[in-house]
There are 2 protein chains.
Amino acid sequence: MLDNIDKLIIEELSKNSRITMKKLGERVHLTGQAAASRVLKLEESGIIEKYTVTINQAKLNCLIHAFITIRLNNPYHQSFLSFIKTQEHYILNTYKVSGDGCYILESRFPSNEVLDQFLVSLNEYANYNLSIVINKQN
Amino acid sequence: MLDNIDKLIIEELSKNSRITMKKLGERVHLTGQAAASRVLKLEESGIIEKYTVTINQAKLNCLIHAFITIRLNNPYHQSFLSFIKTQEHYILNTYKVSGDGCYILESRFPSNEVLDQFLVSLNEYANYNLSIVINKQN
DNA sequence: TAAAATACTTTCATAATTCAAGTGAATCAT
DNA sequence: ATGATTCACTTGAATTATGAAAGTATTTTA
């Protein structure tokens with residue numbers, strides 16, 4: 001289904017999604033038009049989901065990066081999930097998981113104070129386990 | 001440092017980093033040229049780190065998405081970290097964390113068999129705790 | 001083996017980008 | 001206060017990329 005050229009295209013777009021089709025074509029030994037039509041197919045097939053940007057959160061004063069494992073005692077998750085939706089400013093990702101917890105949240109906070117406030121509110125809905133990121137390995 | 005227009009620009013680029021500068025300008029009521037020069041500044045200041053693409057891993061036959069919490073018994077992490085580097089095909093991200101574990105790995109595997117093999121190898125270096133993602137909440 | 005489909009190239013009109021020059025407002029030194 | 005500098009922007013023009021259409025060669029299908 002995906003040949004080597006498609007894989008190269010995905011690799012190049014992962015490195016820099018704003019590359020022009022012409023240059024992308026050069027990298028994979030195709031014309032810009034041929035590259036563009038392959039990319040269009042990758043989009044239509046849903047393999048390429050979206051083009052996005054990675055932001056240095058620390059420079060935006062979101063210094064605290066944390067994973068929060070959630071344990072819910074009751075089977076009614078909706079109120080917890082609704083609460084999380086109100087906090088979307090801080091929550092990068094919410095994963096429903098098997099294993100130790102019910103959910104894993106990936107989160108960003110500008111300060112310990114804000115994190116503390118969040119955790120106090122969170123505690124009304126769930127027990128949690130906090131892992132603060134010290135460093136992301138390259 | 002960042003005004004509202006910059007925030008809007010970051011938001012738009014997060015939604016679609018392949019937007020043309022002309023259209024991006026329209027969204028924030030600027031000319032394409034002005035939008036491009038703001039984007040350039042965001043890049044030079046390091047706030048925009050890179051433009052990338054999100055890929056539907058399931059469609060690439062990487063069906064299993066898991067978080068693995070790592071506990072190391074000994075203080076010599078290097079052999080573990082070297083091992084992880086050899087497995088980069090499966091490891092999306094490695095975070096050093098405070099809290100329950102020493103590291104959190106975000107990983108992708110094409111099958112249970114491959115995951116099993118990985119865990120067997122991993123066990124030579126560390127104890128772990130596996131959380132398989134059932135679902136990512138929108 | 002003929003027809004159809006696929007993946008590509010070439011060509012060209014259209015559109016976006018980039019560069020240079022110019023405007024107006026805010027800041028700064030005198 | 002005022003002239004100079006800087007800043008963020010616009011305008012205009014040359015350069016470059018895109019997208020559509022037509023054409024080619026190879027593979028697939030019936």
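Because the structure is a prediction, the values reported are computed rather than measured. Throughout, protein chains are lettered first and strands after them, A, B, ... in sequence-line order, and every chain is numbered starting at 1.
For the pair B/T54 (side chain) and A/K50 (backbone), a donor-acceptor distance under 3.5 Å is present. Looking only at distances, a side-chain donor or acceptor of B/R18 sits under 3.5 Å from a matching main-chain atom of A/S17.
Counting only residues at least two apart or on different chains, no ring pair (Phe, Tyr, Trp, His ring centres under 6.0 Å) pair has a member in residues 8-31 of chain B.
With respect to the salt-bridge test (charged N to carboxylate O, under 4.0 angstrom), the residues A/E88 and A/K85 do not qualify.
Along DNA chain D, the stretch of nucleotides lying under 4.0 Å from any heavy atom of chain A spans, 5' to 3', D/dA17 to D/dA20. From the 5' end on, the contacts that DNA chain C makes with chain B at under 4.0 Å to a non-hydrogen atom open and close at C/dA16 to C/dC19.
Looking at residues 28-40 of chain B, you'll see B/Q33 sit with a heavy atom under 4.0 Å from some atom of DNA chain C. Residues from residues 10-23 of chain B placing a heavy atom under 4.0 Å of any atom in DNA chain C, listed by number, are B/T20, B/M21, B/K22.
Open room surrounds CD on B/Q117; 12 or fewer heavy atoms of other groups in view lie less than 6.0 Å from it.
Taking all atoms of both residues into account, the shortest heavy-atom contact from A/D100 to A/R71 is O-NE, 3.3 Å.
Note that the two end axes of the helix from C/dT1-D/dA30 to C/dT30-D/dA1 enclose an angle of 30°, each drawn from 5 base pairs, rounded to 10 degrees.
At a cut-off of 3.5 Å, with distance as the only test, no side-chain donor of A/E106 or A/Y90 sits close to an acceptor on the other residue.
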### Task
In sequence, state the C-alpha distance, the side-chain angles, and the governing distance for A/H65 and B/Y95, and then conclude on side-chain hydrogen bond (donor to acceptor under 3.5 Å, both in side chains).
CA-CA 10 Å; A/H65 185 194; B/Y95 302 101; 4.8 Å; no
